[in-house]
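Since the structure comes first, as structure tokens, the remarks are kept for the end.
A, B, ... follow the sequence lines: proteins, then strands. Residue 1 opens every chain.
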Amino acid sequence: NAGVTQTPKFQVLKTGQSMTLQCAQDMNHEYMSWYRQDPGMGLRLIHYSVGAGITDQGEVPNGYNVSRSTTEDFPLRLLSAAPSQTSVYFCASSYSAPGLANYGYTFGSGTRLTVV
Amino acid sequence: AQSVAQPEDQVNVAEGNPLTVKCTYSVSGNPYLFWYVQYPNRGLQFLLKYITGDNLVKGSYGFEAEFNKSQTSFHLKKPSALVSDSALYFCAVRADTGRRALTFGSGTRLQVQP
């Protein structure tokens with residue numbers, strides 16, 4: 001099925017460990033982004049990309065790195081996990097052109113991360 | 001900077017009654033507006049969007065929203081609520097130029113009582 005695939009669905013890390021959250025889309029979307037969802041705070045943008053080789057920071061980028069070597073993949077790396085990074089992480093993608101009838105943001109099913 | 005306000009943390013409504021979930025926004029330029037719904041332990045599902053054109057937008061599951069430029073609002077409505085509509089609802093905005101990132105509100109939990 002076409003869409004945004006995130007792996008893993010669940011992860012427990014110890015403080016100081018590093019890991020990569022994977023995100024892949026098969027819709028040829030130019031734009032991809034990472035959000036974290038915390039209770040009462042909605043979704044906050046971590047990093048985003050407008051195309052392969054181009055990334056930029058969102059509202060809460062500290063402690064996270066991204067790269068975009070292909071159109072399909074946009075991994076999120078936690079360099080040294082901290083308890084404050086305990087959250088649910090969502091990847092989203094979209095076309096660049098709002099005029100398309102099917103324009104919109106497609107979200108993955110999320111990764112629930114706990115840092116102990 | 002762009003922002004979204006959802007002033008109600010929770011909205012309670014009886015099944016069969018009309019429902020409204022409020023959203024106001026702030027953005028430089030023209031807004032693109034979205035509503036998403038999230039069921040427990042699930043991702044976000046698209047409900048509807050306003051890009052341009054008619055101010056009244058109809059979406060999935062009988063929901064609709066009215067874009068009001070003068071009041072910078074995009075309230076979500078449904079004429080007759082169902083128990084199955086109980087979920088967390090998010091309003092989001094982006095500007096028509098510049099960065100394509102969506103900014104989300106903090107969410108409103110809708111509880112429909114039988």
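Cluster membership check: B/Val57 shares its hydrophobic cluster with B/Tyr61, using side-chain heavy-atom separations under 4.5 Å among Ile, Leu, Val, Met, Phe, Trp and Tyr. When the side chains of ILVMFWY residues are joined at heavy-atom separations under 4.5 Å, either directly or via intervening members, A/Tyr64 and A/Leu45 end up in two distinct hydrophobic clusters. When hydrophobic clusters are built by joining Ile, Leu, Val, Met, Phe, Trp and Tyr residues whose side-chain heavy atoms come closer than 4.5 Å, directly or via intermediates, B/Leu33 is not grouped with B/Phe90.
Dense packing is recorded around OH of B/Tyr39, with more than 12 heavy atoms of other residues, nucleotides or ligands lying under 6.0 Å away. Residue B/Arg109 places its CZ atom among 12 or fewer non-hydrogen atoms of other residues, nucleotides or ligands, all under 6.0 Å distant.
Only the side chain of A/Arg112 comes within contact range of chain B, with heavy atoms under 4.5 Å apart.
Nearest heavy atoms, A/Phe90 versus B/Gln38: CZ-NE2, 3.4 Å.
A/Tyr105 has its ring centre no less than 6.0 Å from the ring centre of B/Tyr36. Less than 6.0 angstrom separates the ring centroid of B/Phe104 from the ring centroid of A/Tyr35.
In this structure, OG in A/Ser94 is found 7.5 Å from CZ in B/Phe34, a value given to the nearest 0.5 Å. Within the model, atoms CG of A/Leu43 and CG of B/Leu44 stand 5.5 Å from one another, a figure rounded to the nearest 0.5 Å. The distance from the CG atom of A/Asp38 to the OG atom of B/Ser106 is 12.5 Å, given to the nearest 0.5 Å.
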Donor-acceptor pairs under 3.5 angstrom involving side-chain atoms of residues 68-79 of chain A: please list them, not counting sequence neighbours.
unit_1: A/Arg68; atom_1: NE; unit_2: A/Thr70; atom_2: O; d: 3.2
unit_1: A/Arg68; atom_1: NE; unit_2: A/Thr71; atom_2: O; d: 3.4
unit_1: A/Arg68; atom_1: NH1; unit_2: A/Glu30; atom_2: O; d: 2.9
unit_1: A/Arg68; atom_1: NH1; unit_2: A/Ser49; atom_2: OG; d: 2.8
unit_1: A/Arg68; atom_1: NH2; unit_2: A/His29; atom_2: O; d: 3.2
unit_1: A/Arg68; atom_1: NH2; unit_2: A/Glu30; atom_2: O; d: 3.1
unit_1: A/Arg68; atom_1: NH2; unit_2: A/Thr71; atom_2: O; d: 2.8
unit_1: A/Thr70; atom_1: OG1; unit_2: A/Glu72; atom_2: N; d: 3.4
unit_1: A/Thr70; atom_1: OG1; unit_2: A/Asp73; atom_2: N; d: 3.2
unit_1: A/Thr70; atom_1: OG1; unit_2: A/Asp73; atom_2: OD2; d: 3.2
unit_1: A/Arg77; atom_1: NH2; unit_2: A/Ser67; atom_2: OG; d: 3.0

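The candidate with the highest count of non-hydrogen atom pairs below 4.5 Å against chain B, out of A/Glu59, A/Gln6, A/Gln37, A/Met41, is A/Gln37.
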